[in-house]
J.: 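Input: one structure, supplied below.
In each ligand, atom 1 is the first atom listed, and ligand 1 is the first ligand listed. Every value quoted in this text rests on a predicted model; they were computed, and no experiment measured them. For the single chain, residues carry numbers from 1 onward in sequence order.
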Amino acid sequence: MRALILVDVQNDFCPGGALAVADGDSVVDPINRLARASPFVIATRDWHPADHGSFADQGGPWPLHCVAGTRGAELHPGIDRDLVDVVLDKGQAPDREGYSGFEGTELERLLREHDVDTVDVAGLALDYCVKATALDARRAGLNVVVHRGATRAVEVEPGDAEHALDELRTAGVEVVD
Ligand code: VGL
Ligand code: ZN
């Protein structure tokens, strides 16, 4: 069985959001296409308490974003929710970055329950949560395909997207357009 993991396609990571990724909302159409072709679709949400350690107020690297229950934390309205089988919230522990969809969630158990051996991964942001989720999927022994055209990167430093892709390929992740 194959599953699609949609990482953090949330308002706060799209233009106008608190931690907007350039062109972030352009992943919506390719993601809906991938979801239509996938038998099992899981969407993760970055879902932080208001005092999360990754926020600048707490000495972390990021502006306040994806606070649980806020509009910014909702999935982008363009995502066809009828195609999403499960929504998983992550990043809830205040003292952990929680970039990976596997961290502190039921994701691995869910995939095993459904006999998933291959995951397709897309969403935001390539150089943080997409990367961390894809690497953890490899560590869990899964075949992993990252759909580059259905991701966008934060690129805090220019080149971060390319570095992320190198790291993914080195770990045995297949990167496709
Ligand atoms: C993310 C930065 C902070 C992401 C989440 O979803 O890639 N990036 N929190
Ligand atoms: Zn976050």
J.: Mark up the atoms of ligand 1 that fall under 4.0 Å of a heavy atom belonging to A125, in ascending order.
T.: 4 (C), 6 (O), 7 (O)
J.: Can you tell which of V87, L88, D89, D8 makes a side chain to side chain contact (heavy atoms under 4.5 Å, CB included) with W47?
T.: D89
J.: Taking atom CZ of R109 as the centre, does the number of heavy atoms from other residues, nucleotides or ligands within less than 6.0 Å exceed 12?
T.: yes
J.: Has the side chain of D115 got a donor or acceptor atom that lies under 3.5 Å from a matching backbone atom of M1?
T.: no
J.: Would you mind telling me if ligand 1 is within reach of the side chain of V154, the backbone, both or neither, using heavy atoms under 4.0 Å?
T.: neither
J.: Scan R96, K90, R139 and name whichever one has a salt bridge (charged side-chain N to carboxylate O under 4.0 Å, His left out) with E103.
T.: R96
J.: Which class fits the ring pair F55 and H48: parallel under 30°, tilted 30 to 60°, perpendicular over 60°?
T.: perpendicular
J.: Side chains of D120 and H147: is there a donor and an acceptor less than 3.5 Å apart?
T.: yes
J.: Nearest to atom 8 (N) of ligand 1, what protein heavy atom do you find, and at what distance?
T.: Y128 CB, 3.7 Å
J.: Please state whether the separation between the Zn ion (ligand 2) and some N/O/S atom of C129 is under 2.8 Å?
T.: no
J.: Check ligand 1 against C129 and write out every atom of the ligand that is under 4.0 Å from a heavy-atom position of the residue.
T.: 1 (C), 4 (C), 5 (C), 6 (O), 7 (O)
J.: Which residue in the set Q92, Q10, H65, H52 passes side chain to side chain donor-acceptor pair (under 3.5 Å) when paired with D46?
T.: H65
J.: Atoms of ligand 1 less than 4.0 Å from F13 heavy atoms?
T.: 1 (C), 4 (C), 5 (C), 6 (O), 9 (N)
J.: Students should be able to answer this: which protein heavy-atom is nearest to atom 2 (C) of ligand 1, and at what distance?
T.: W62 CE2, 3.4 Å
J.: Indicate, as side chain, backbone, both or neither, the part of H65 found under 4.0 angstrom from ligand 1 when only non-hydrogen atoms are considered.
T.: side chain
J.: Out of D8, D46, V21, whose heavy atom is nearest to atom 9 (N) of ligand 1?
T.: D46
J.: Which value, rounded to 10°, describes the NE2(H48)-the Zn ion (ligand 2)-OD2(D46) angle?
T.: 90°
